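Okay, structure first, notes after.
Keep in mind that this is a model prediction, so the values were computed, not measured.
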Amino acid sequence: MTDIDNFRATQWSTIDGGPLAGDTFAGKAILVVNTACHCGFTPPYAELQTLWRDYQGRGLVVLGVPCNDFGAQEPDPLPEINAFCDKNFGVEFPLTTKQKVKGPDAHPFYLQARKEMGALAAPKWNFHKYLVGLDGRLVDWFSTVTKPGAAKIIKAIEKPLPATT
């Protein structure tokens, strides 16, 4: 995304079907992660929750985007996805409705991210991560195998956020 207004203009809905207000993201860094409950990579939900808990007060939003694009590993209806995330990982960060993240009919955020960052930066599997800076610009991307608590993700997240007091 080129600026926060464009990111705000991107249509997101909460997993409960309600609008996810764009101003939720104003002045925040956002870690956008495509997720899937039936994937071998589900343990990162716990690390994503830890990031949310530890950095939310400093301006980080973790945004989980359920996706069934890879191995049909997110086939469940939204209430079951929400219940799974809550029961198994205590997820409190926002989850969106299920979205496509690859191909020509992908969610506009993912189309823009691929356009700006290139095909190499496009999701190849579940739990791919994009970091959006405080100004709404795409900062970096991290592959599925890069755990949310990895030093390079923590460093990228901390860079734009205000220091703790």
Interatomic distance, Lys152 atom NZ to Asp140 atom CG [nearest 0.5 angstrom] | 7.5 Å
On a heavy-atom basis, the closest approach of Trp52 and Val62 is CE3-N, 3.6 Å
Atom NZ of Lys98 and atom CG of Asp76: how far apart are they, to the nearest 0.5 Å?
-> 6.5 Å
Atom pair CD/CG of Gln49 and Asp86 - distance to nearest 0.5 Å | 9.5 Å
Tyr130 and Phe142: aromatic ring centres closer than 6.0 Å?
-> no
Hey, is the main chain of His38 close enough, under 3.5 Å, to the side chain of Thr42 for a donor-acceptor pair?
-> no
How far apart are the closest heavy atoms of Pro66 and Gly64, and which atoms are they?
-> CD-O, 3.5 Å
Which value, rounded to the nearest 0.5 Å, describes the distance between Lys155 atom NZ and Ile157 atom CD1?
-> 13.5 Å
Would you find more than 12 non-hydrogen atoms of other residues, nucleotides or ligands less than 6.0 Å from Lys159 atom NZ?
-> no
For the residue pair Phe127 and Tyr45, categorise the inter-ring angle as parallel (less than 30°), tilted (30 to 60°) or perpendicular (more than 60°).
-> perpendicular
State, yes or no, whether a side-chain contact exists between Leu131 and Leu138 at a heavy-atom distance under 4.5 Å.
-> no
Test log, rule side chain to side chain contact (heavy atoms under 4.5 Å, CB included), inputs Ser143 and Trp125 | CA-CA 8 Å; Ser143 74; Trp125 201 252; over 6 Å; no
Tell me, do Asn34 and Phe70 make a side-chain contact under 4.5 Å, heavy atoms counted?
-> yes
Heavy-atom pair of closest approach, residues Val101 and Ala106 | C-CB, 3.6 Å
Side-chain contact test, heavy atoms from C-beta onward, threshold under 4.5 Å: evaluate it for Tyr55 versus Leu31 and give yes or no.
-> no
What is the minimum heavy-atom distance between Arg114 and Ala119, and which atoms define it?
-> NH2-CB, 3.5 Å
Less than 4.5 Å apart, any side-chain heavy atom of Pro19 and any of Trp12?
-> no
If every non-hydrogen atom of Lys129 is compared with every non-hydrogen atom of Thr144, which pair is closest and at what distance?
-> NZ-O, 3.7 Å
Applying side-chain hydrogen bond (donor to acceptor under 3.5 Å, both in side chains), name anything that partners Gln99, two or more places apart in sequence or on another chain.
-> Thr97
Taking C-beta and beyond as the side chain, do Arg58 and Glu158 meet within less than 4.5 Å on heavy atoms?
-> yes
Which pairs pass salt bridge (Lys or Arg N to Asp or Glu O under 4.0 Å) with one or both residues in residues 100-109, sequence neighbours excluded?
-> Asp69-Lys100
Before giving the answer on side chain to side chain contact (heavy atoms under 4.5 Å, CB included), spell out for Leu63 and Thr96 the whole-Å C-alpha distance, their side-chain angles and the decisive distance to 0.1 Å.
-> CA-CA 7 Å; Leu63 184 63; Thr96 70; 3.6 Å; yes
In this structure, which one of Val65, Ile81, Val91 forms a side chain to side chain contact (heavy atoms under 4.5 Å, CB included) with Ile15?
-> Ile81
Where do Val33 and Leu48 land on the side chain to side chain contact (heavy atoms under 4.5 Å, CB included) test, with the steps shown first?
-> CA-CA 9 Å; Val33 186; Leu48 292 168; 3.8 Å; yes
Closest approach of Glu74 and Thr35, non-hydrogen atoms and distance?
-> OE2-O, 3.8 Å
Given the rule that I, L, V, M, F, W and Y join up when any side-chain heavy atoms are under 4.5 Å apart, are Val32 and Leu111 in one cluster?
-> no
Report the C-alpha distance between Leu161 and Leu60 in whole Å, list the side-chain angles of each, state the deciding distance to 0.1 Å, and finish with yes or no for side chain to side chain contact (heavy atoms under 4.5 Å, CB included).
-> CA-CA 8 Å; Leu161 297 179; Leu60 176 70; 4.3 Å; yes
Rounded to the nearest 0.5 angstrom, the CZ-NE2 distance for Phe41 and His128 is 13.0 Å
For the residue pair Gln73 and Asn126, confirm or rule out a side-chain donor-acceptor distance under 3.5 Å.
-> yes
Rounded to the nearest 0.5 Å, how far does CZ of Phe89 lie from SG of Cys37?
-> 8.0 Å
